[in-house]
Amino acid sequence: MTIKNQSTNNDPQIGQLRAAIEHRATWFYLLLDEFRKKMPGEAWEEVARRAIHRCGVLHGNQKFSRTADLRRFAEEFANEVTQKVFEM
């Protein structure tokens with residue numbers, strides 16, 4: 001069962017902050033999940049790379065349009081807010 005909170009606050013900045021928190025929670029879950037699967041002697045960096053890859057695939061499949069157009073991808077992936085946050 002999935003629980004979906006319904007907010008009455010429509011402030012775009014609040015929505016962006018909530019999306020950032022959701023992304024962070026997803027990232028931490030995937031990182032912990034991969035570390036649970038860690039094999040003895042396996043490098044931590046490799047485990048983290050698997051989590052990063054899973055996070056990218058998840059967001060790629062759910063958040064972004066499938067396109068071969070680099071401009072369209074850049075507009076979605078590095079939008080104005082993201083550019084400001086990371087000073088890209």
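Remark: E80 engages K84 in a salt bridge, criterion side-chain N to carboxylate O under 4.0 Å. Using a 4.0 Å cut-off between a side-chain N of Lys or Arg and a carboxylate O of Asp or Glu, R71 and E75 do not qualify as a salt bridge. Looking at R72 and E76, a side-chain N of the basic residue comes within less than 4.0 Å of a carboxylate O on the acidic one, giving a salt bridge.
Here the straight-line distance linking atom NZ of K38 with atom CZ of R50 works out to 9.5 Å at 0.5 Å rounding. Here CG of L58 is found 9.5 Å from NZ of K63. Values are rounded to the nearest 0.5 Å. To the nearest 0.5 Å, atoms CZ (F77) and CD (Q83) are separated by 11.0 Å. Taking CG from L32 and CH2 from W27, the interatomic distance works out to 10.0 Å, rounded to the nearest 0.5 Å.
In terms of hydrophobic clustering, with Ile, Leu, Val, Met, Phe, Trp and Tyr side chains grouped at heavy-atom distances under 4.5 Å, W44 and F28 are assigned to a common cluster.
Shown here for A51 and L31, the closest heavy-atom pair between the two residues is CB-CA, 3.6 Å. Between T82 and N79, the closest heavy-atom pair is N-OD1, 2.9 Å.
In this structure, the side chain of E34 does not engage the main chain of V47 through any donor-acceptor pair within 3.5 Å.
Summarising the local packing, CZ of R66 is surrounded by 12 or fewer heavy atoms from other residues, nucleotides or ligands at distances under 6.0 Å.
Between I14 and R18, the closest side-chain pair of non-hydrogen atoms falls below 4.5 Å.
Qualifying ring pair (Phe, Tyr, Trp, His ring centres under 6.0 Å) partners for H23, counting only residues two or more places apart in sequence or in other chains: H59.
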